[in-house]
A.B. asks: 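Mind having a look at this structure? Questions to follow.
Hydrogens, waters and symmetry mates are skipped; everything else that's a heavy atom, side chains included, is used.
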Amino acid sequence: MASERGRVQIEQSTATRPVTGRPVVYATEGIISSGHYLTSMAGMRMLLSGGNAFDAVVAATFAAAVIEPTASYSLGAESVFIFHDAKSGEMLTLSGQGVAPKKATADFYRSQGLESIPTGPGRTAHLGLAVPGVVDALFTILDLYGTKTAGEVLGPSIEYAERGFPHYEYMIEGLKSLGVREAWANYPPGGAEVFLDDGDWPKPGTLLIQKGLADTFKLMVEAETGMSGDRASGIRAARDVFYEGVIAKNLVSSAQQVGAILELDDLADYHSKFEQPVKTTFGEYEVYGQGAWTQGPVLFQALNILENFDLQAMGHNTPKYIHVVAEALKLALADREAFYGDPDFTVVPIDGLLSKQYAAQRAKLIDIEKPVPELPPAGDPWKYSSLKKPASLANIAHPVYAEAGFTGGNSAKQGTTHIAVLDKDGNIVCSTPSGGSFSKSVFFPELGFAPSTRIEMFNFVKGHPNELEPGKRPRTTLINYIASKDGVPVMTFGCPGGDHQVQGNLQLMLNTFVFGMNPQEAIEAPRFATDSVTNSFYPHVYLPGQLSVEDGVDQEIVYELKVMGHKVVRAAVCGLGATITHRDPDTKVLSAGADPRRACYAIGW
């Protein structure tokens, strides 16, 4: 009788409530986590049909361009990747970041009366269009590491676009965001005829059909099927039709009709690039990520600085902890503004920036009792570098100040998505696609996508590492990471959110490495972010001393932070769409978490 009462109590929810709103997803054969359940399903279909993690990430990244367009990710945009190939044992990053067109020079923009590269929703958005990068990168991964054909990985995307999928709340809220209708009105028809219901906002559950995007995908599949030869030849044909064939011609023609400076040669000459990851250590972990053509090393610098503090003794998300982490980030972000840029065009003292000795010196600048009221000065990593400082190196111009009363934009809420895949063979792949925001770019309905505007992140400062140059990658905000333990890759981290990306990823790692949280706990824990740095996105506002905190941070903690001197503001999110995956090196069990701040879901089998 007692056992029967116990069973009834559990069924009636008198058992202890779970610590997290979502469970950790566990699996043995394969696992994927992404910004939407249908994106995850596109990748899972590859795993279920015998594909590997590389096939899955390619299928899911293509599908995200259909399913998650208001995550500021469109097919004409970019992505960055990091992966571990179990067969070769290699760890590599891949840059699918688009570059500046050949006509994009400071002199050109100044001839238009501009001192920075503009984006929408204004009438000069067309001047910010970058060369697309993600398609080349995806087909490169598929060719070298995957097993499927272009037609197979594009199959789910064609179905989603042609047959339609249900509108969902997060996407509809994105459509309602400031500037979307204005941008479409400035470059008619924009996406109004595709994404709106006779001019009204669509309702959740109604079908979204994207014929133009489906046609673009089918042109790539037709190019593959029309090519005689092996799988690799077909994949290259699918790539070439986008960068040299009819899709390229349609994109350039459409872009030039609205005044853009994209040319066919810009697309034909584009190729994604493999690079060795940069890394640092933190406790018993090695952490790997992209180099200084991204903001990725900010996290490494912050970890190195924070090694000089007893974070565990401070306690998770206490006032002292939040203060010290935020101040460490300010120091690292100051170096980002001064030294980061595409190393193919400039000299970056990456060894100095990641030096433990340099970090120890920077850590001494943190006052435990009060914050720096603005972005602190950059350090001197050249003292710790084997590289010679260029005589032409310039400092960044003074930041642009936000208008009075401005407390931040919505880029951290809207931007980017993230996908991570692990398979039974030990392959680990991350993709962080972004760009082509409806409010910032120009949407071409006949193609079904909007190009990226990420060249807005360049500056015109002569000699600066991130100075605008044709063919150069902007210092992008896009990043992702793999962590190893005892030399074995075991975890991935990704957290969309513009300048908050690196800050969110840092907190995911600290939650895991220092406080022992599982993937879902680490994701759901409240986050914070400093805004005391010039925003990477146009119009590059600067909010000195501002500290954003999510609603989950207690009001008493907020009060104490204000007493310390932080300008604290509440933020709905400080990065959203976070994902952590884990592979147990002993049992081979896979696990993943997904961010409930939006429609993220992990799927395993």
A.B. asks: Going by atom types alone, do Thr453 and Ser441 pair a side-chain donor with an acceptor below 3.5 Å?
C.D. replies: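 Looking only at side-chain atoms, Ser441 and Thr453 do not form any donor-acceptor pair under 3.5 Å.
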A.B. asks: State, without any angle test, whether Thr477 and Ser536 hold a side-chain donor-acceptor pair at a distance under 3.5 Å.
C.D. replies: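 Their side chains do not contain a donor-acceptor pair, so the 3.5 Å distance test is not met.
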A.B. asks: Do Arg583 and Pro489 touch side chain to side chain, with heavy atoms closer than 4.5 Å?
C.D. replies: no
A.B. asks: Looking only at non-hydrogen atoms, find the nearest pair between Ala137 and Ser272 and report the distance.
C.D. replies: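 The pair with the smallest heavy-atom distance is CA-OG, 3.5 Å.
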A.B. asks: Would Phe195 and Phe443 count as a close aromatic pair, with their ring centres under 6.0 Å?
C.D. replies: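 Yes, the ring of Phe195 comes within the 6.0 Å limit of the ring of Phe443, centre to centre.
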A.B. asks: Kindly write out the residues that satisfy salt bridge (charged side-chain N to carboxylate O under 4.0 Å, His left out) with Glu152, not counting sequence neighbours, or none if the list is empty.
C.D. replies: none
A.B. asks: For Tyr288, give me all partners under side-chain hydrogen bond (donor to acceptor under 3.5 Å, both in side chains), at least two apart in sequence or on another chain.
C.D. replies: Glu286
A.B. asks: According to side-chain hydrogen bond (donor to acceptor under 3.5 Å, both in side chains), who are the partners of Thr206, at least two apart in sequence or on a separate chain?
C.D. replies: none
A.B. asks: Return yes when atom CD of Glu90 has more than 12 non-hydrogen atoms of other residues, nucleotides or ligands closer than 6.0 Å, and no otherwise.
C.D. replies: yes
A.B. asks: Less than 3.5 Å apart, any donor N or O on the side chain of Thr432 or Asn480 sitting next to an acceptor on the other?
C.D. replies: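 A donor-acceptor contact under 3.5 Å links the two side chains.
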A.B. asks: Walk me through whether Phe62 and Phe139 qualify under ring pair (Phe, Tyr, Trp, His ring centres under 6.0 Å).
C.D. replies: CA-CA 10 Å; Phe62 274 125; Phe139 283 136; 5.4 Å; yes
A.B. asks: Answer yes or no: is there a side-chain heavy-atom contact under 4.5 Å between Phe493 and Val287?
C.D. replies: no
A.B. asks: For the pair Tyr37 and Tyr601, evaluate ring pair (Phe, Tyr, Trp, His ring centres under 6.0 Å) and give the outcome as yes or no after the intermediate values.
C.D. replies: CA-CA 5 Å; Tyr37 37 90; Tyr601 272 85; 5.5 Å; yes
A.B. asks: What residue pairs, at least two apart or across chains, pass ring-ring contact (aromatic ring centres under 6.0 Å, His included) with a residue in residues 572-593?
C.D. replies: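 Every candidate ring-ring contact (aromatic ring centres under 6.0 Å, His included) pair involving residues 572-593 fails, so no pair, neighbours aside, qualifies.
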A.B. asks: Is it the case that Ser484 and Lys279 place a side-chain donor and acceptor less than 3.5 Å from each other?
C.D. replies: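 No, because no side-chain N or O of Ser484 sits under 3.5 Å from a partner of the opposite role on Lys279.
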A.B. asks: Could you tell me whether Asp595 and Arg527 make a salt bridge, using a distance below 4.0 angstrom between a side-chain N and a carboxylate O?
C.D. replies: yes
A.B. asks: Whether the Ser254 and Glu446 side chains hold a donor-acceptor pair (N or O, under 3.5 Å, no angle test) is what I'd like checked.
C.D. replies: yes
A.B. asks: Partners of Glu550 by salt bridge (charged side-chain N to carboxylate O under 4.0 Å, His left out), sequence neighbours excluded?
C.D. replies: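 Glu550 satisfies salt bridge (charged side-chain N to carboxylate O under 4.0 Å, His left out) with Arg597 once adjacent residues are dropped.
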A.B. asks: From the options Gln210, Lys218, Lys211, select the one residue that forms a side-chain hydrogen bond (donor to acceptor under 3.5 Å, both in side chains) with Glu162.
C.D. replies: Lys218
A.B. asks: Going by atom types alone, do Gln520 and Arg22 pair a side-chain donor with an acceptor below 3.5 Å?
C.D. replies: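 Note: Gln520 and Arg22 side chains miss the donor-acceptor criterion.
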A.B. asks: Ring centroid separation for Tyr481 and Phe300, is it under 6.0 angstrom?
C.D. replies: yes
A.B. asks: So do the side chains of Leu208 and Pro202 get within less than 4.5 Å of each other, counting heavy atoms only?
C.D. replies: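 Sidechains of Pro202 and Leu208: no contact.
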A.B. asks: Does any donor atom in the side chain of Asp143 or Thr140 lie under 3.5 Å from an acceptor atom in the other side chain?
C.D. replies: no
A.B. asks: Who pairs with Thr225 by side-chain hydrogen bond (donor to acceptor under 3.5 Å, both in side chains), at least two apart in sequence or on another chain?
C.D. replies: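 In terms of side-chain hydrogen bond (donor to acceptor under 3.5 Å, both in side chains), with neighbours along the sequence ignored, Thr225 is linked to no residue.
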A.B. asks: Salt bridge or not for Glu78 and Arg473, using N-O below 4.0 Å?
C.D. replies: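 Salt bridge: no.
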